[in-house]
Amino acid sequence: MSQSNSDQNPSGLDSNSDLYKIRHSLAHILAMAVQSLRPGTKLGFGPPIDDGFYYDFILAEPLQESDFPELEKRMKHLIKQNHKFVREDLTRADALARIDAMGEPYKKQYAEELLEKHGLSGLSFYKTNEFVDMCEGPHVDNSRQIPTDAFKLKSIAGAYWRGDSRNTMMTRIYAWAFLTKEELDQRVLEQKMALERDHKKLGKELEIFFVDDEIGKGLPLWMPNGTVVRDELEKYMKEVEFKAGYQRVSTPHLAKTDLYYKTGHLPYYAEGMYPFMELKEKHETASGAIEEVRETYVLKPMNCPHHHKIFGHRPRSYRELPVRLAEYGQVYRYEDSGAVSGLLRVSGMCMNDAHIYCSEEQIKQEFLSVMDMHRQVYETLGISKFYMRFSTWDSEDPKGKQKYVDNPRAWEWSQKKVREAMEESGLPFVERKGEAAFYGPKIDFQFRTVTGREETASTNQLDFAVPERLGLKYIGADNQEHTPYCIHRAPMGTHERFTAFLIEHFGGAFPTWLAPTQVRVVTVSDSFNEYADRVVNDLRSKMVRAERDPAPDTMGKKIRNASKQKIPNVLIVGEKEQQDGTITLRRHGVEEQLTMPVADFMTWIDEEIRLRKLPSWFKKA
């Protein structure tokens with residue numbers, strides 16, 4: 001019998017691992033505690049997840065997070081009683097009779113679906129003392145195998161039954177669970193940092209972005225501070241790409257739908273695209289008749305078809321290859337309003353996109369160069385703990401021809417080339433079968449944020465299919481036409497997502513080169529405003545984003561405000577500084593203050609910005 005306590009295993013763990021069994025068993029222990037505290041509570045699903053578990057309930061009486069201490073107390077009491085987890089496999093009739101006796105309507109609904117749609121002959125149950133749950137398992141043998149100091153209830157949220165908004169809203173209790181207390185403590189610390197560094201919270205406080213309902217969900221408005229951050233990132237990538245031989249292009253925000261049918265993106269990506277726009281025009285034919293012409297356009301969800309058109313607009317020679325076309329291109333992808341979140345998941349985004357058109361012989365070196373570019377960019381930003389996820393096709397997938405281009409030889413050959421490049425790069429990677437793009441293998445750069453989440457920073461793909469679909473050609477050394485391969489790459493992903501990462505990565509305290517305000521000058525009193533303004537003007541003449549705090553506050557309050565706003569460099573000027581032509585530098589996160597001539601500070605900050613240095617207090621993640 002094959003079933004699941006949830007529609008899937010969202011933990012990513014091997015179901016036979018000790019951690020999976022502990023988390024799964026704790027979900028049952030939680031359900032027992034909730035039903036003892038709130039008799040009459042009905043059960044939904046309770047699976048392990050990536051850092052613990054959750055369980056969904058229809059509560060007889062509401063629960064609050066203030067009830068967590070009592071629930072945890074009951075859970076620990078149950079664990080110490082050394083209850084066994086006993087599996088029972090029942091036939092169809094006996095299973096349905098068991099569920100009726102349990103009085104669990106949601107379990108029954110799911111059981112009937114499993115039996116009817118999946119043709120199961122029966123179902124499995126786990127019994128722990130008097131508690132019974134329909135469940136595939138596995139679980140620990142007995143509750144004493146569960147550490148009592150390595151789990152903690154986390155939060156309460158609403159969740160629709162089966163994730164469908166047409167269904168009943170249930171109460172979901174989330175919990176952390178690990179093998180040791182040390183791992184739990186680390187995760188709790190990460191959660192605290194996540195709340196403090198949440199990009200939506202800091203984005204509002206630091207005036208980086210906001211979302212307005214009249215503009216639309218998932219369509220962030222970048223404020224002046226946020227625009228500085230994205231401009232600096234773009235400036236940096238343009239420099240990196242220029243040195244690597246990229247040429248910049250610019251493309252429109254929409255295109256005819258015919259283009260996407262030709263590339264193969266339609267109809268597969270239709271759900272992720274905005275509604276099509278049909279334009280009607282009337283034209284007079286040569287015979288004088290009036291003819292209506294209809295054309296359908298759509299906001300572009302990706303830049304590659306436009307770049308393909310640029311490559312293919314004129315004949316190309318092998319001597320030109322590789323051709324590297326780069327653009328910070330705006331794209332639009334439809335997202336359900338409930339799915340969008342701050343800058344991490346949006347409907348409109350600006351992508352650090354590029355497409356490399358190369359010969360078969362150039363693939364490996366170009367991929368190595370792309371991976372080295374990622375390493376360089378991440379080192380500049382203090383990101384060191386990352387790895388690559390290599391996604392390949394699955395030749396045994398029964399839906400393979402629907403999911404992937406039907407060219408087994410091209411798949412195997414291209415995956416071999418990419419794998420060779422990854423191995424030669426020396427960067428860590430894992431391989432994931434069946435997760436490739438429809439037109440070729442892909443590499444995702446993954447890193448764990450300071451707040452404990454694992455995120456995809458960028459995606460890179462080898463495309464052997466679409467260039468052929470669009471008839472892209474170059475003349476080879478043999479004077480014959482050849483189809484180029486295309487490498488899709490985006491080291492900084494999108495402005496939106498990458499800025500969200502960096503806000504949390506730096507806790508909003510950006511390094512000087514990236515900070516919206518690089519220097520704020522604070523005067524001891526208004527008597528020194530003129531001197532302060534001269535310092536500001538000298539800095540701005542060198543393109544340093546400097547300002548004087550004009551507020552009628554005390555010096556102490558001005559310094560505190562600058563600290564809250566995470567200004568990296570605060571210059572204090574008073575009578576002594578004015579007399580000596582100096583400033584006193586107070587750096588964010590550094591206790592020591594330094595007094596130096598204005599000229600020396602100008603030299604110092606120029607180097608901080610030009611070399612894009614990380615702040616001295618920052619520890620690489």
Side-chain angles (χ1 to χ4, degrees), residues 246 259-269 301-313 315-318 320-326 353-371 388-397 399-425 429 431-445 458-478 480-490:
Y246 286 76
L259 175 62
Y260 297 103
Y261 282 108
K262 194 171 183 180
T263 61
H265 290 99
L266 282 174
Y268 304 110
Y269 288 175
M302 66 278 296
N303 298 303
C304 40
H306 291 69
H307 289 193
H308 295 336
K309 285 293 185 180
I310 290 175
F311 177 87
H313 87 287
R316 299 280 184 175
S317 165
Y318 73 97
E320 296 178 68
L321 302 186
V323 172
R324 308 180 186 96
L325 302 179
D353 221 349
H355 297 88
I356 303 168
Y357 302 88
C358 62
S359 68
E360 190 173 290
E361 298 76 22
Q362 295 168 329
I363 290 174
K364 182 177 174 181
Q365 184 54 50
E366 287 303 305
F367 253 111
L368 282 169
S369 296
V370 165
M371 287 184 277
M388 298 180 290
R389 185 175 64 203
F390 178 34
S391 299
T392 64
W393 82 314
D394 183 357
S395 60
E396 299 174 356
D397 190 328
K399 296 183 179 179
K401 291 186 179 181
Q402 299 173 24
K403 291 173 62 176
Y404 312 116
V405 172
D406 186 20
N407 190 337
R409 179 186 172 281
W411 275 106
E412 293 301 329
W413 187 90
S414 60
Q415 288 175 179
K416 178 176 179 290
K417 284 292 181 183
V418 175
R419 190 181 291 109
E420 287 175 357
M422 296 178 73
E423 289 171 348
E424 190 170 322
S425 75
F429 74 92
E431 194 162 327
R432 292 288 183 265
K433 190 175 182 179
E435 297 181 10
F438 82 92
Y439 49 67
K442 67 174 183 174
I443 300 172
D444 293 311
F445 276 76
S458 68
T459 297
N460 308 273
Q461 301 161 343
L462 176 60
D463 182 353
F464 57 78
V466 177
E468 186 173 8
R469 285 174 182 257
L470 292 182
L472 302 186
K473 301 291 182 183
Y474 69 91
I475 302 300
D478 57 1
Q480 300 297 311
E481 285 189 338
H482 299 269
T483 300
Y485 286 81
C486 179
I487 296 173
H488 305 240
R489 48 104 290 190

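Quick note: numbers below take in every heavy atom, side chains included, and nothing from hydrogens, waters or symmetry partners. Computed from a prediction, not measured in an experiment: that's the story for all the values here. Here, residue 1 is the first one in the sequence, and each next residue gets the next number.
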Can you confirm whether Ile356 sits close enough to Val370 that some side-chain heavy atom of one is under 4.5 Å from a side-chain heavy atom of the other? yes
Checking His306 now: which residues fulfil side-chain hydrogen bond (donor to acceptor under 3.5 Å, both in side chains) with it, not counting sequence neighbours? none
With a 4.5 Å cut-off on side-chain heavy atoms, are Asp463 and Gln461 touching? no
According to side-chain contact (heavy atoms from CB on, under 4.5 Å), who are the partners of Ala410, at least two apart in sequence or on a separate chain? Asn407, Phe464
Taking only residues at least two apart or on different chains, which pairs with a member in residues 411-422 satisfy salt bridge (Lys or Arg N to Asp or Glu O under 4.0 Å)? Lys416-Glu420, Arg419-Glu431
Taking the side chain as everything from C-beta on, heavy atoms only, tell me whether Met302 gets closer than 4.5 Å to Tyr269. yes
Contact list for residues 464-477, test salt bridge (Lys or Arg N to Asp or Glu O under 4.0 Å), sequence neighbours left out: none
Applied to residues 356-369, the salt bridge (Lys or Arg N to Asp or Glu O under 4.0 Å) test, sequence neighbours excluded, yields Arg324-Glu366, Lys364-Glu424
Using the test salt bridge (Lys or Arg N to Asp or Glu O under 4.0 Å), find all partners of Lys309 that sit at least two apart in sequence or belong to another chain. none
Less than 4.5 Å apart, side chain to side chain, heavy atoms only: is that true for Ile475 and Pro315? no
Side chains of Tyr474 and Ser359, heavy atoms from C-beta outward: is any pair under 4.5 Å? yes
Interatomic distance, CD1@Ile310 vs CG@Asn303, rounded to 0.5 Å, equals 9.5 Å
Side-chain heavy atoms of Glu423 within contact of Phe429, under 4.5 Å: yes
Within the side chain of Tyr357, is there an N or O that forms a donor-acceptor pair under 3.5 Å with the backbone of His308? yes
For the residue pair Trp411 and Pro441, establish whether any side-chain heavy-atom pair is separated by less than 4.5 Å. yes
For residues Phe311 and Pro484, determine if any side-chain heavy atom of one lies less than 4.5 Å from a side-chain heavy atom of the other. yes
